[in-house]
Undergrad: 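Have a look at the structure that comes next, please.
Residues take their numbers from the sequence shown, with the count starting at 1. Bear in mind that the values here come from a model prediction, so they are computed numbers and not experimental data. Ligands are counted one by one from 1 in listed order, and the atoms in each one are counted from 1 as well.
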Amino acid sequence: MGKKIILTGDRPTGRLHIGHYVGSLRRRVELQNSGEFDKIFIMIADAQALTDNADNPEKVRQNIIEVALDYLAAGLDPEKSTLFIQSQVSELTELDFFYQNLVTVQRLQRNPTVKQEIQLRGFSDNDEENENKAGTPVGFFCYPISQAADITAFKATTVPVGEDQKPMIEQTREIVRKFNSTYGEVLVEPEILLPDNASCLRLPGTDGKAKMSKSLGNCIYLSDSEEEVKAKVKGMYTDPNHLQVSDPGTVEGNTVFTYLDAFCKPEHFEKFASCWVGKKVSFEFHSLDEVKDQYRKGGLGDMMVKNFLTAVLQDTLEPMRARRKEYEKNIPYVYEVLRKGSEEARAAAAETLADVKRAMRINYFDEGVLDELIKEQTEKYNQ
Ligand code: TRP
């Protein structure tokens with residue numbers, strides 16, 4: 001059996017939010033602790049973040065530590081997982097350079113995530129006011145290829161990511177097949193690992209918009225304080241037609257319920273058998289289905305459900321907050337973890353790069369190869 005290897009990562013453009021957590025981070029920690037994997041690489045994708053932040057490297061630089069702190073707070077353990085910084089593994093750019101020849105511009109143009117992200121950033125619209133109207137940076141357009149380099153450099157078999165990354169993994173698999181059929185079986189075709197809970201595939205923002213994103217200001221961050229979480233849940237989007245407590249309500253598309261689907265565990269019902277709505281009242285439900293039924297029938301107020309959600313979120317976030325505080329006191333340690341991890345990642349990527357160059361026969365100066373080349377060319381010119 002081949003080795004089981006994980007590679008995944010995040011762009012350091014801000015602190016991580018609960019969408020990152022249920023989309024991938026929580027799973028990574030479980031996989032790490034399952035002991036089922038031979039290697040786990042977790043990458044802070046600073047170079048990828050620069051593809052659309054070239055004018056703001058300081059933002060990326062400052063967020064490396066934020067993401068690292070969030071990782072450690074969530075339970076990633078440097079003894080079990082290799083945490084590293086993408087830009088410190090220069091082998092990745094070399095792989096990227098060779099893979100660029102295996103992908104067409106037309107194929108990239110069809111990549112749904114690239115398409116959507118170009119639109120989101122306004123790279124292709126000419127609006128006067130648009131700060132991005134100069135167009136799409138080439139590096140940004142090509143980042144799926146760079147992401148294939150990230151994944152294949154570590155011979156990753158498994159990539160736990162959110163649903164938005166599906167087209168990236170598909171693109172990687174195509175590159176692997178193309179490489180292997182052209183140059184020989186060197187690269188490993190990775191599998192995507194999506195969240196098994198549908199509400200975790202893409203957690204909506206607190207405003208009900210499809211995506212949680214910093215620029216929309218609709219995120220709950222892993223490092224938010226208790227008060228911030230409370231205030232954000234209080235202002236959350238629910239069912240706009242559920243005006244009175246007695247009114248029947250809709251659960252589908254109701255963000256509060258989507259979050260409960262993503263976070264609520266059976267033990268929470270015992271733990272939070274009462275809720276605060278100005279005063280302490282009992283919250284006599286034994287399962288999320290019971291809560292939903294009551295909400296649909298009418299007679300369950302938004303405030304009650306929101307208070308329950310707040311309690312559930314606090315229960316998840318409080319241990320992380322506490323761990324983060326500890327690591328914040330020891331920043332040198334965090335950088336030491338990243339430095340060591342980057343070194344280790346570099347050694348692993350260098351091995352793959354050597355395999356790749358050997359397969360492409362561009363390893364001219366490797367032992368034995370040069371002798372053979374000299375012999376071949378000498379014969380050619382001295383017959
Ligand atoms: N594109 C990912 C994101 O936006 C980050 C990333 C870069 C990544 N390289 C990767 C994820 C390789 C998985 C595997 O969050």
Undergrad: Can you list the atoms of ligand 1 that are under 4.0 Å from a heavy atom of Ile151?
TA: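 Near Ile151, meaning under 4.0 Å from one of its heavy atoms, ligand 1 has 12 (C), 14 (C).
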Undergrad: Does ligand 1 come near enough to Gln147 that some N or O of the ligand is less than 3.5 Å from an N or O of the residue?
TA: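 Among all N and O atoms of Gln147, at least one is under 3.5 Å from an N or O of ligand 1.
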Undergrad: If you count the atoms of ligand 1 from 1 in the order shown, which ones are under 4.0 Å from a heavy atom of Gln48?
TA: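 Per the distance check, 1 (N), 2 (C), 4 (O), 5 (C), 6 (C), 7 (C), 9 (N).
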Undergrad: May I ask you to decide whether Arg177 forms a salt bridge with Glu170, counting only side-chain N to carboxylate O separations under 4.0 Å?
TA: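 Yes, Arg177 and Glu170 are salt-bridged.
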Undergrad: Just jot down the ligand 1 atoms closer than 4.0 angstrom to any heavy atom of Arg11, in number order.
TA: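 Going through ligand 1 atom by atom, the ones under 4.0 Å from Arg11 are 4 (O).
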Undergrad: Between Arg321 and Glu228, is the closest basic N to carboxylate O distance under 4.0 Å?
TA: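 No, this pair does not count.
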Undergrad: Any salt bridge between Glu66 and Lys59, counting N to O under 4.0 Å?
TA: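 Result for this pair is no, no salt bridge flagged.
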Undergrad: Run the salt-bridge test on Lys380 and Glu376 with the 4.0 Å N-O cut-off and return the result as yes or no.
TA: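 Salt bridge: no.
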Undergrad: Check each heavy atom of Thr8 against ligand 1 and say whether those closer than 4.0 Å belong to the side chain, the backbone, both or neither.
TA: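 Within the 4.0 Å criterion, Thr8 contacts ligand 1 through backbone and side-chain atoms alike.
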Undergrad: Does an N or O from Tyr143, backbone or side chain, lie closer than 3.5 Å to an N or O of ligand 1?
TA: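 No, since none of the N or O atoms of Tyr143 sits under 3.5 Å from an N or O of ligand 1.
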Undergrad: Can you list the atoms of ligand 1 that are under 4.0 Å from a heavy atom of Leu7?
TA: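 Those atoms are 12 (C), 14 (C).
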Undergrad: Quick test: of every protein heavy atom, which one is nearest to atom 9 (N) of ligand 1, and how far off is it to 0.1 Å?
TA: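 Here the nearest protein heavy atom works out to Asp150 OD2, 2.8 Å.
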Undergrad: Donor-acceptor pair, Asp207 side chain versus Tyr237 backbone, under 3.5 Å?
TA: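 Here the side-chain-to-backbone pair does not exist.
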Undergrad: Quick one: does ligand 1 sit under 4.0 Å from the side chain of Gln165, the backbone, both or neither, non-hydrogen atoms only?
TA: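 Side chain only.
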Undergrad: Give the atom numbers and elements of ligand 1 that come within less than 4.0 Å of a heavy atom of Met43.
TA: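 Checking each atom against Met43, I get 7 (C), 9 (N), 10 (C).
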Undergrad: Any atoms of ligand 1 less than 4.0 Å from a non-hydrogen atom of Ala45? List them with their elements.
TA: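 Checking each atom against Ala45, I get 7 (C).
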Undergrad: Between Lys155 and Asp355, is the closest basic N to carboxylate O distance under 4.0 Å?
TA: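 A salt bridge is present here (some side-chain N lies under 4.0 Å from a carboxylate O).
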Undergrad: Measure the spacing between OG1 of Thr8 and CD1 of Ile151 and express it to the nearest 0.5 Å.
TA: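 Going from the OG1 atom of Thr8 to the CD1 atom of Ile151 covers 8.0 Å.
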Undergrad: Do Phe84 and Phe154 have ring centres separated by under 6.0 Å?
TA: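 Yes, the ring of Phe84 comes within the 6.0 Å limit of the ring of Phe154, centre to centre.
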